[in-house]
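To find a chain, count down the sequence lines: A is the first, B the second, and so on, and within it residues start at 1. Computed from heavy atoms alone, side chains included, the values below leave out hydrogens, waters and symmetry copies.
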2 protein chains.
Amino acid sequence: MLISTKGRYALRVLIDMAEHSGNEYIKLKDIAERQEISEKYLESIVKQLVIRNIVVGLRGKGGGYKLSKPADEIVVGDVLRFMEGSLAPVACLEESGATCPRAAECRTLTFWRGLDETIRRYTDSFTVADLTRTDNAGFDYII
Amino acid sequence: MLISTKGRYALRVLIDMAEHSGNEYIKLKDIAERQEISEKYLESIVKQLVIRNIVVGLRGKGGGYKLSKPADEIVVGDVLRFMEGSLAPVACLEESGATCPRAAECRTLTFWRGLDETIRRYTDSFTVADLTRTDNAGFDYII
DNA sequence: TATCAACATACTGTTATAATAGGGAAACGG
DNA sequence: CCGTTTCCCTATTATAACAGTATGTTGATA
């Protein structure tokens, strides 16, 4: 599985914020109820989004979270990559990983690089704003 | 990680067979040595390939494994899909999985379907024969 | 019939996932 | 200033998959 609940839930949180925010802060409790996701689990996910400055939080009454920038400036691929650590389809292509000693003679490496690039291109071609549209505009992947 | 060692090793085994077979059976021990993979672990992988009739085995002296059909008839996507169980990028798109009750209202489903389709197209555009070529012909994914 | 190699089953250490539990710190409203 | 609200922080845990290891059995060949 390329994408776990971390990446999936993070996207849903961002979309929810984009659709419900009138520049006000939204309580995590509300998002959790709308999305039917455990509030406590969402906390750990939103925490990452705060660290990455995708989202800002405010404590106390009237507090909550909101997007730190317009939804059309948040690239889906970026969100998924840091929530998952990496979107590399195979271990040998992970950013942090040591290069495989067999790389020079590897028959499959070029194939994996191509798959990695294909995934990158697709995920980077969408912003959170694209996903808020219900008419599915922007989904031109069907040739 | 979309692809584990199961899928990666399976591909390497098939490529190895395609490159070293003169229609003779190849010992798993030889493949394991060339590929630097544990012979015992390879057994569990090749077993799946036999079940799927990609490879045939022969016991006893002079025995081993060989491809059951020409390398250019073995689609990489097929091999990866059954070795990994699924290549779906998210749980909600797995063949066996029950459909998500939120599917009708899900903002992200179309996005995931597009990613799934993108991965399928790429992996289905290669055969094992393509990967045996050292000149990387066929890798036209770079536009 | 001895050998060789595929076939079969069971077990194990490690890691990631998907949470849950419980409290602490800051901001705002009154 | 005080108490409620809401974010923030640190464990802990159950489950499952991954990546192998170990041991033994069956069947073909020379």
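Residue Tyr65(A) places none of its side-chain N or O atoms closer than 4.0 Å to OP1 or OP2 of dT6(D). At dT21(D), one or more side-chain N or O atoms of Ser38(B) fall inside 4.0 Å of OP1 or OP2 (strictly under the cut-off).
Taking every heavy atom of both residues into account, Val55(B) and Met17(B) meet most closely at CG2-SD, 3.6 Å.
Residues passing the salt bridge (Lys or Arg N to Asp or Glu O under 4.0 Å) test with Asp72(B), sequence neighbours excluded: none. Residues satisfying the side chain to side chain donor-acceptor pair (under 3.5 Å) test with Asp30(A), not counting sequence neighbours, are none.
Between Lys6(A) and Glu84(A), no side-chain nitrogen of the basic residue sits less than 4.0 Å from a carboxylate oxygen of the acidic one, so the salt-bridge criterion is not met. Using a 4.0 Å cut-off between a side-chain N of Lys or Arg and a carboxylate O of Asp or Glu, Glu36(A) and Arg102(B) qualify as a salt bridge. Note on Glu117(A) versus Arg121(A): salt bridge recorded, some NZ/NE/NH1/NH2 to OD/OE distance being below 4.0 Å. Ion pairing of Arg120(B) with Asp116(B) is present here, as a side-chain N (NZ or NE/NH1/NH2) and a carboxylate O approach within less than 4.0 Å.
Asn53(A) places none of its side-chain heavy atoms less than 4.5 Å from the side chain of Lys69(A).
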Which pairs, protein N/O on one side and nucleotides 13-18 of chain D N/O on the other, fall under 3.5 Å?
from    : atom 1 : to      : atom 2 : distance (Å)
dC18(D) : OP2    : Lys6(B) : NZ     : 2.8

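Leu42(A) places its CG atom 13 Å from the P atom of dC8(D), with the value rounded to the nearest Å. Atom-to-atom, CD1 of Ile3(B) to P of dA19(D) comes out at 11 Å; the value is rounded to the nearest Å. Atom CD1 in Ile26(A) sits about 13 Å away from atom P in dT6(D), given to the nearest Å. Summarising the geometry, the separation between OH on Tyr9(B) and P on dA19(D) is reported as 8 Å, rounded to the nearest angstrom.
Side-chain atoms of Ser68(B) come within 3.5 Å of backbone N or O of Ile54(B) as a donor-acceptor pair.
From the 5' end on, the contacts that DNA chain C makes with chain B at under 4.0 Å to a non-hydrogen atom open and close at dC4(C) to dT9(C).
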Take Lys47(A) and Glu43(A) through the salt bridge (Lys or Arg N to Asp or Glu O under 4.0 Å) test and state the conclusion after the steps. CA-CA 6 Å; Lys47(A) 185 185 180 182; Glu43(A) 277 189 3; over 6 Å; no
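Heavy atoms of Ile37(B) sit nowhere under 4.0 angstrom from any nucleic acid atom.
Side-chain contacts under 4.5 Å among hydrophobic residues (ILVMFWY), followed directly or transitively, place Met1(A) with no other residue at all.
When each of Lys47(B) and Lys27(B) is assigned the nucleotide of DNA chain C with its nearest heavy atom, Lys27(B) is the one assigned upstream, toward the 5' end.
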Produce a footprint string for nucleotides 23-30 of chain D: one letter per nucleotide, 5' end first; B if the base is under 4.0 Å from any protein heavy atom, S if only the sugar-phosphate is, - if neither. BB-BBBS-
